[in-house]
Enquirer: 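Once you've had a glance at the structure underneath, I'll fire off some questions.
Remember, it's a predicted structure, so these values are computed and weren't measured experimentally.
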Amino acid sequence: MQTVNKSNIKKILILICSLAVSLAIILSIYSHNANAQEPYSPSPDTAVAPKGLVEVKMTVIGVDPIKNELETRLQFELKGIYKKGPTYPAQDLLMTVNGANVEDSEISFKEGKPMIVPALKFNLVKGKINNYPFDTHIAKVAISIDPLASIGKQFAPFQLNPVPLEFKFNADVPGFDISYKPMEENSSIFIYIDVSATRSLPVKFFAIVIIVIMWVLSIMALLLALKVMKSGKLPEVGMLSWTGVMLFAFPGIRNSQPGVPPVGTASDFLSFFWTEMIVVVALVIIGSCWLKRYHPPIDD
């Protein structure tokens, strides 16, 4: 009996080690560490004019892969001829942005009024949420600002040239590593970037821990069921209740993963579907043995 127990323990340890190594390899392949933010580097032929510019600060405040949305907040700081105050333009300005919640993709700013915009939402144009927790999503952001001629006012020295821009990026969203990459069209008068969002390393690690837990518990239940079947003895009722509870606990464990989408993700195919089937098989074996071997006491 001790030999059987030791043999089973060795098999479980070997299986756990194999799963851990496999998942570590998967994590090393798909894991994306936080990338340093790309510096803003305008093209030499579109260098910022020394007479003034508008500094655009973008802060990512939310990522929702289920809704395919990247939510950001913009702040502005004016310099040179465009400045009436730190955020008050000296001339009417028009910002063109490809925000999903911006009507006609245009936002106007009045002279002497603060440049305040609501939270902007951009569509996630690339990425498959079903690859969770190894999914990567990309949103394309395009921003430009132009001066508007004011009736009855002297337009010079603004002329009709686009406003030079300086771009700064910041992101600190729990559960995601977010970075951006300037595209070829990006310049000192046109911000054109790809914002990339991927699950953070702690999220991936937690998801893998959940995968390992479900595999270990389901395999233990199956080994216990096989042992009961070979022993020829009546299984205890506690074995049935433990296996039954596990069957309904796995969906809750699966849903405890941070930001997990509905059923059908990569993590489900790596563990949830298969472990649920294993637990069902174990429950059927133990239940069949109990029904077959249980004999109610005969009253005298």
Enquirer: Can you name the ring-ring contact (aromatic ring centres under 6.0 Å, His included) partners of Tyr132, sequence neighbours left out?
Expert: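 Result, ring-ring contact (aromatic ring centres under 6.0 Å, His included) vs Tyr132: none returned.
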Enquirer: Can you tell me if Asn123 uses its side chain to pair, donor with acceptor, with the backbone of Gly99 under 3.5 Å?
Expert: no
Enquirer: State whether the side chain of Asp104 and the backbone N or O of Glu106 hold a donor-acceptor pair below 3.5 Å, judged by distance alone.
Expert: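 Such a contact is absent between Asp104 side chain and Glu106 backbone.
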Enquirer: Strictly below 4.0 Å, N to O, side chains only: are Glu69 and Lys121 in salt-bridge contact?
Expert: yes
Enquirer: Look at the side-chain heavy atoms of Ile, Leu, Val, Met, Phe, Trp and Tyr, link any pair under 4.5 Å apart, and say whether Phe109 and Val56 land in one connected group.
Expert: yes
Enquirer: Can you confirm whether Glu185 is buried at CD, in the sense that more than 12 heavy atoms of other residues, nucleotides or ligands lie under 6.0 Å from that atom?
Expert: yes
Enquirer: When you measure from the side chain of Asn131 to the backbone of Phe134, do you find a donor-acceptor pair of N or O atoms at a distance under 3.5 Å?
Expert: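 Looks like no, no N/O pair under 3.5 Å.
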Enquirer: Say you draw a straight line from OG of Ser179 to CD1 of Ile193; how long is it, rounded to the nearest 0.5 Å?
Expert: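 CD1 of Ile193 is found 10.0 Å from OG of Ser179.
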Enquirer: Nearest 0.5 Å, please: how far is CE in Met277 from CG in Leu247?
Expert: 12.0 Å
Enquirer: Looking at Lys113 and Glu111, is there a salt bridge between them, counting it only when a charged N and a carboxylate O are closer than 4.0 Å?
Expert: no
Enquirer: May I ask you to check whether Tyr180 and Phe167 place their ring centers less than 6.0 Å from one another?
Expert: yes
Enquirer: With the threshold set at 4.0 Å, does a side-chain nitrogen-carboxylate oxygen contact exist between Lys140 and Asp194?
Expert: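 Salt bridge present between Lys140 and Asp194.
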Enquirer: Do Phe176 and Pro65 have side chains that get closer than 4.5 Å, going by heavy atoms?
Expert: yes
Enquirer: Sequence neighbours left out, what pairs pass side-chain hydrogen bond (donor to acceptor under 3.5 Å, both in side chains) with at least one residue falling in residues 238-266?
Expert: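 side-chain hydrogen bond (donor to acceptor under 3.5 Å, both in side chains) check on residues 238-266 returns Arg254-Asp268, Thr265-Ser267, Thr265-Asp268.
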Enquirer: Distance check, rounded to the nearest 0.5 Å: Leu120 atom CG versus Thr72 atom OG1?
Expert: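 Answer rounded to 0.5 Å: 4.5 Å.
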Enquirer: If you define the side chain from C-beta out and look only at heavy atoms, does anything of Pro147 sit under 4.5 Å from Val163?
Expert: yes
Enquirer: Between Asp135 and Arg199, does any NZ, NE, NH1 or NH2 come within less than 4.0 Å of an OD or OE carboxylate oxygen?
Expert: yes
Enquirer: Side-chain contact test, heavy atoms from C-beta onward, threshold under 4.5 Å: evaluate it for Glu77 versus Lys57 and give yes or no.
Expert: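 A side-chain contact under 4.5 Å exists here.
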Enquirer: I need the Ile143 CD1 to Ser105 OG distance, nearest 0.5 Å.
Expert: 11.5 Å
Enquirer: Do the side chains of Glu276 and Pro251 get nearer than 4.5 Å, heavy atoms only?
Expert: yes
Enquirer: Quick one: list whatever passes ring-ring contact (aromatic ring centres under 6.0 Å, His included) with Trp274, sequence neighbours left out.
Expert: none
